[in-house]
Amino acid sequence: MDADINFYFDPVCPFAWMTSKWVRQVQAQRDYTVDWRFISLRLINSNVDYDAHFPPEYEAGHTAGLRLLRVAARARAEHGRESIARLYQAFGSHIFDTAPDPAEQRTEGEIRERRGTREFVEPILAQADLPLALADALDDDSWDSEIRQETDEALELTGKDVGTPIIHFEPPAGVAFFGPVISRQPDDESAAELWDHVVGLARFPGFAELKRSLREQPQLAAFGVDAGTVGQQEDWHGGSRRQKK
């Protein structure tokens with residue numbers, strides 16, 4: 001597919017979701033085409049000791065993300081690349097744009113693990129107007145080679161010390177970068193202005209990085225941070241939630 005933007009996402013990454021909402025704002029204004037592609041945090045961290053490097057709920061969350069990507073890979077194979085835009089939209093609205101249930105008795109790890117189950121996925125498939133049978137792919141690791149290939153493709157564009165999302169501007173000749181990582185949803189005017197600044201940097205020959213590790217929790221209902229609130233600031237040293245040792 002020839003697109004103006006290739007957007008590599010893991011469905012369980014809140015910052016990828018936040019950035020994708022911004023990209024959709026710009027897409028609507030500029031009439032861009034976007035190819036929504038896969039990158040798996042679980043595969044990126046396949047050689048990492050989760051117990052030593054991440055908070056306890058992260059392995060369950062990243063594994064659920066891989067399971068969701070299997071469903072997406074089957075959807076793409078059977079229903080076309082255009083199906084991924086609405087499937088990712090449904091994933092994100094359920095995972096991040098839905099406030100936590102105050103009566104929820106599950107731990108954070110159990111909540112994240114549930115995202116990789118049929119119980120969780122079938123209503124999402126229905127929302128995306130896709131067959132519920134696609135949920136069979138949750139346990140089908142034959143899709144992992146395709147997801148790994150696309151993950152490797154993304155990392156070849158940026159280098160390996162990155163997370164999600166990765167955006168490839170004006171492919172195939174254009175440059176790709178991790179991010180931008182944003183925590184606040186811009187209005188439409190600011191969204192277009194931010195896009196022009198980011199693309200301006202991306203087009204400059206030799207530009208590699210503009211970064212800080214301090215991040216606000218994103219303005220997403222799942223975090224209890226609404227559009228009028230500034231999320232608590234955290235230090236994402238190394239670009240992730242890996243714990244210093």
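We use all heavy atoms of the structure for the numbers below, so side chains are in, but hydrogens, waters and symmetry mates are not. A quick note: this is a predicted structure, and the numbers were derived from the prediction, not measured.
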Handout entry: Steps toward salt bridge (charged side-chain N to carboxylate O under 4.0 Å, His left out) verdict (Arg203, Glu170)
Key = CA-CA 10 Å; Arg203 284 176 172 164; Glu170 301 168 345; 2.2 Å; yes
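- Considering every non-hydrogen atom in both Gly65 and Pro11, the closest pair reads O-CG, 3.9 Å.
- Between Trp36 and Leu87 the shortest side-chain heavy-atom distance does not fall below 4.5 Å.
- Remark: Leu210 CG to Leu201 CG distance equals 6.5 Å, nearest 0.5 Å.
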Practice task
Begin with the C-alpha distance, continue with both residues' side-chain angles, and end with the deciding distance and a verdict on side chain to side chain contact (heavy atoms under 4.5 Å, CB included) for Asp97 and Lys21.
Solution key: CA-CA 11 Å; Asp97 290 342; Lys21 297 208 292 184; 3.3 Å; yes
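- The side-chain heavy atoms of Leu68 and Ile95, taken from C-beta on, include a pair separated by under 4.5 Å.
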Exercise for the section: Run the numbers on Arg118 and Asp139 for salt bridge (charged side-chain N to carboxylate O under 4.0 Å, His left out), then give the verdict. Expected result: CA-CA 10 Å; Arg118 181 179 290 272; Asp139 298 307; over 6 Å; no
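- Shown here are the ring-ring contact (aromatic ring centres under 6.0 Å, His included) partners of His62, two or more places apart in sequence or in another chain: Tyr50, Phe54, Tyr58.
- The shortest side-chain heavy-atom distance between Val225 and Leu220 does not fall under the 4.5 Å cut-off.
- The aromatic ring centroids of Tyr32 and Trp195 lie less than 6.0 Å from each other.
- Taking CD1 of Ile124 as the start and OG of Ser93 as the end, the distance is 7.0 Å to the nearest 0.5 Å.
- Atom CG of Asp2 is surrounded by 12 or fewer heavy atoms from other residues, nucleotides or ligands within 6.0 Å.
- Minimum heavy-atom separation, Thr151 to Ser40: OG1-N, 3.0 Å.
- The nearest pair of heavy atoms linking Arg70 to Ala137 is CB-O, 3.2 Å.
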Exercise for the section: Applying side chain to side chain contact (heavy atoms under 4.5 Å, CB included), run through Arg86 and Phe91 and close with a yes or a no. Expected result: CA-CA 9 Å; Arg86 64 181 188 272; Phe91 280 151; over 6 Å; no
Handout entry: From CA spacing to verdict: side chain to side chain contact (heavy atoms under 4.5 Å, CB included), Arg106, Glu113
Key = CA-CA 10 Å; Arg106 295 183 178 93; Glu113 185 175 16; over 6 Å; no
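- Within the 3.5 Å criterion, the main-chain N or O of Pro180 finds a donor-acceptor partner in the side chain of Thr19.
- Residue pairs meeting the salt bridge (charged side-chain N to carboxylate O under 4.0 Å, His left out) criterion with at least one member in residues 4-13: none, sequence neighbours excluded.
- Among Arg148, Arg37, His168, the single residue meeting the side-chain hydrogen bond (donor to acceptor under 3.5 Å, both in side chains) criterion with Glu153 is Arg37.
- Here the side chain of Thr63 pairs no donor or acceptor atom with the backbone of Ala60 at under 3.5 angstrom.
- Here the side chains of Leu194 and Ile182 are in contact, with some heavy-atom distance below 4.5 Å.
- One distance of note links CG of Leu125 with CG of Leu134; it measures 5.5 Å at 0.5 Å rounding.
- Annotation for Asn45 and Leu41: closest pair ND2-O, 2.9 Å, computed over non-hydrogen atoms.
- A donor-acceptor contact shorter than 3.5 Å links the side chain of Gln25 to the backbone of Pro186.
- Tested against Leu66 for a side chain to side chain contact (heavy atoms under 4.5 Å, CB included), the candidates Val12, Asp141, Leu43 yield a single pass: Leu43.
- Of all the heavy atoms in Thr164 and Cys13, the pair that sits closest is OG1-SG, 3.0 Å.
- Of the inter-residue distances, the one linking Ile167 atom CD1 with Asn6 atom CG reads 10.5 Å to the nearest 0.5 angstrom.
- A 4.5 Å side-chain heavy-atom check between Glu108 and Ile111 finds at least one atom pair inside the cut-off.
- Looking at Trp143, its side chain never comes within 3.5 Å of a backbone N or O of Val71 through a donor-acceptor pair.
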Handout entry: Worked check of side chain to side chain contact (heavy atoms under 4.5 Å, CB included) between Asp196 and Arg30
Key = CA-CA 11 Å; Asp196 289 336; Arg30 303 287 177 86; 3.1 Å; yes
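- At least one donor-acceptor pair closer than 3.5 Å links the side chain of Glu150 to the backbone N or O of Phe38.
- Using a 4.5 Å cut-off on side-chain heavy atoms (C-beta onward), Leu138 and Thr117 make no contact.
- Residues Phe177 and Val198 fail the side-chain proximity criterion, which asks for heavy atoms closer than 4.5 Å.
- The two residues Ala191 and Trp22 come nearest to each other via the heavy atoms O-NE1, 3.0 Å.
- Contact check for Ile84 versus Phe9: side-chain heavy atoms found under the 4.5 Å cut-off.
- Around CG of Asp187, the count of heavy atoms belonging to other residues, nucleotides or ligands within 6.0 Å exceeds 12.
- Between Gln105 atom CD and Thr107 atom OG1 the span is 11.0 Å, to the nearest 0.5 Å.
- Rounded to the nearest 0.5 Å, atoms CD (Glu146) and CZ (Arg74) are 13.0 Å apart.
- Within the 3.5 Å criterion, the main-chain N or O of Ala85 finds a donor-acceptor partner in the side chain of Arg24.
- Under a hydrophobic-cluster definition in which Ile, Leu, Val, Met, Phe, Trp and Tyr are linked whenever side-chain heavy atoms come within less than 4.5 Å, directly or via other members, Tyr88 and Val26 are assigned to the same cluster.
- The ring-ring contact (aromatic ring centres under 6.0 Å, His included) test applied to Phe15 returns Trp236, not counting sequence neighbours.
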